[in-house]
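A note on names: the letters A, B, ... follow the listed sequences, proteins ahead of strands, and every chain is numbered from 1.
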Number of protein chains: 2
Amino acid sequence: MTEDCQGNDTMSHLENSLEHHKARLRKAGYKLTNARITMLEVLQDLGGHITSADVLDAVAKVDETIGRASVFRTLDLLTQLGIIRPTYIGTSQTPTYVMLPNGHHHHVICTHCNRVIEFEDCGLGELEKKLETALGVSITGHLLEFYGLCQQCTGLSAT
Amino acid sequence: MTEDCQGNDTMSHLENSLEHHKARLRKAGYKLTNARITMLEVLQDLGGHITSADVLDAVAKVDETIGRASVFRTLDLLTQLGIIRPTYIGTSQTPTYVMLPNGHHHHVICTHCNRVIEFEDCGLGELEKKLETALGVSITGHLLEFYGLCQQCTGLSAT
DNA sequence: CCGTTAATGATACTGAGTCTCATTTATAAT
DNA sequence: ATTATAAATGAGACTCAGTATCATTAACGG
């Protein structure tokens, strides 16, 4: 995790996405504060599918002094910037945040056991362009969720 | 908002989906209680994009005696059955429920003004089948959300 | 290095959603 | 119809995720 490969204008997304997100904050007029940088690092580390409690925990381990309010404020900000996205797994009252590494995220949620299966290919690029034209919007990302039963639960309910 | 031209062609479709949902409950082994039927009617009436508070309100107007807990229990149940789906608009702490009339729902959320623009065509049928084969799952519905700026906010941020 | 102002941390607070449990009600069997 | 029974309910106390407030701090442009 300590390999510094910044400066390469090609690839190595994982490392660079942190820098990319920082740049996004700056560009949007937000200050690059310690709390925000720590949040980005922690989120990258945890990798997504985490609750606010998870984030609160992880942030506290890195920097004891970062306040509860700032964590929630930053979660909201990063959501607005399309860096993360809250969603519901199961019927939990509290959302689960997923990363939108390249602006998008896709998964299947089993409505029986709440297992989450991620997948990559969505082929939505075309639709995205169509919508931009048709609706006059400017799209930066998306979340695609399928609901249904996973392999195990399909078998069970066939009883 | 938007010209939402869904279901205009079949007024009876609205009636039927209520029956359809009741049948689903029965088939899944759940009792057709007064609270649940009232909830289904209220949800159909409100048409989606509503918070639990909206539902609580509307239910109370129809039947004073239905308890708070039952409303939340039923929201969870209907989510599990794929009849509704909680999602986040803006950074609200409390979810907004959308109806999944035919198992699916699609919208664009403006990350600046929180406007929601629904659209119908998603062309995900093929992907759905592919995933069922590839992952061994049995899919019953989906939610597709795009994030970005609406026409108005695209203009504004050009400042 | 300083001034401005966004952002912060502490903490009290709010209220959405949950839990518990005695009571009711939907449904199937008689 | 009557009854058995297990699921579902309503009441209301309770929890804790998320918010509001505000005095203090620190990012960043000049």
Say whether B:I50 and B:V98 are linked into one hydrophobic cluster, either directly or through other cluster members, by side-chain heavy-atom distances under 4.5 angstrom. no

Atom-to-atom span, [atom1] of [X] to [atom2] of [N] - whole angstrom:
| X | N | atom1 | atom2 | result |
| --- | --- | --- | --- | --- |
| A:L77 | D:dG18 | CG | P | 16 Å |
| A:K27 | D:dC28 | NZ | P | 17 Å |
| B:Q93 | C:dG15 | CD | P | 10 Å |
| B:L25 | D:dA7 | CG | P | 16 Å |
| B:D54 | C:dG15 | CG | P | 16 Å |

Answer yes or no: is there a donor N or O on one side and an acceptor on the other, between the side chain of B:E132 and the main chain of B:I139, under 3.5 Å? yes

N/O-N/O pairs, protein side and nucleotides 6-10 of chain C side, under 3.5 Å:
{"from": "C:dA7", "atom 1": "OP1", "to": "A:K31", "atom 2": "N", "distance (Å)": "3.4"}
{"from": "C:dA7", "atom 1": "OP1", "to": "A:R36", "atom 2": "NH1", "distance (Å)": "3.0"}
{"from": "C:dA7", "atom 1": "OP1", "to": "A:R36", "atom 2": "NH2", "distance (Å)": "3.4"}
{"from": "C:dA7", "atom 1": "O5'", "to": "A:R36", "atom 2": "NH2", "distance (Å)": "3.4"}
{"from": "C:dT8", "atom 1": "OP1", "to": "A:T33", "atom 2": "OG1", "distance (Å)": "2.7"}
{"from": "C:dG9", "atom 1": "OP1", "to": "A:T65", "atom 2": "O", "distance (Å)": "3.3"}
{"from": "C:dG9", "atom 1": "OP2", "to": "A:G67", "atom 2": "N", "distance (Å)": "3.1"}
{"from": "C:dG9", "atom 1": "OP2", "to": "A:S70", "atom 2": "OG", "distance (Å)": "2.5"}
{"from": "C:dG9", "atom 1": "N7", "to": "A:R73", "atom 2": "NH2", "distance (Å)": "2.9"}

B:S52 has its side chain closest, among D:dA17, C:dG17, D:dT19, to C:dG17

B:H142 and A:H106 aromatic centres sub-6.0 Å: no

I want to check one thing: is the phosphate of C:dG17, taken as OP1 and OP2, less than 4.0 Å away from some side-chain N or O of B:T94? yes

Assess, by modelled atom type and distance only, whether the side chains of A:T79 and A:D76 contain a donor and an acceptor separated by less than 3.5 Å. no

Residues B:K22 and B:E19 bridged, charged N to O under 4.0 Å: yes

Start at the 5' end of DNA chain C and walk down; is the nucleotide closest to B:R26 or to B:F72 reached first? B:F72

According to side chain to side chain donor-acceptor pair (under 3.5 Å), does anything in residues 30-39 of chain A pair up with another residue at least two apart or in another chain? List the pairs. A:N34-A:D63

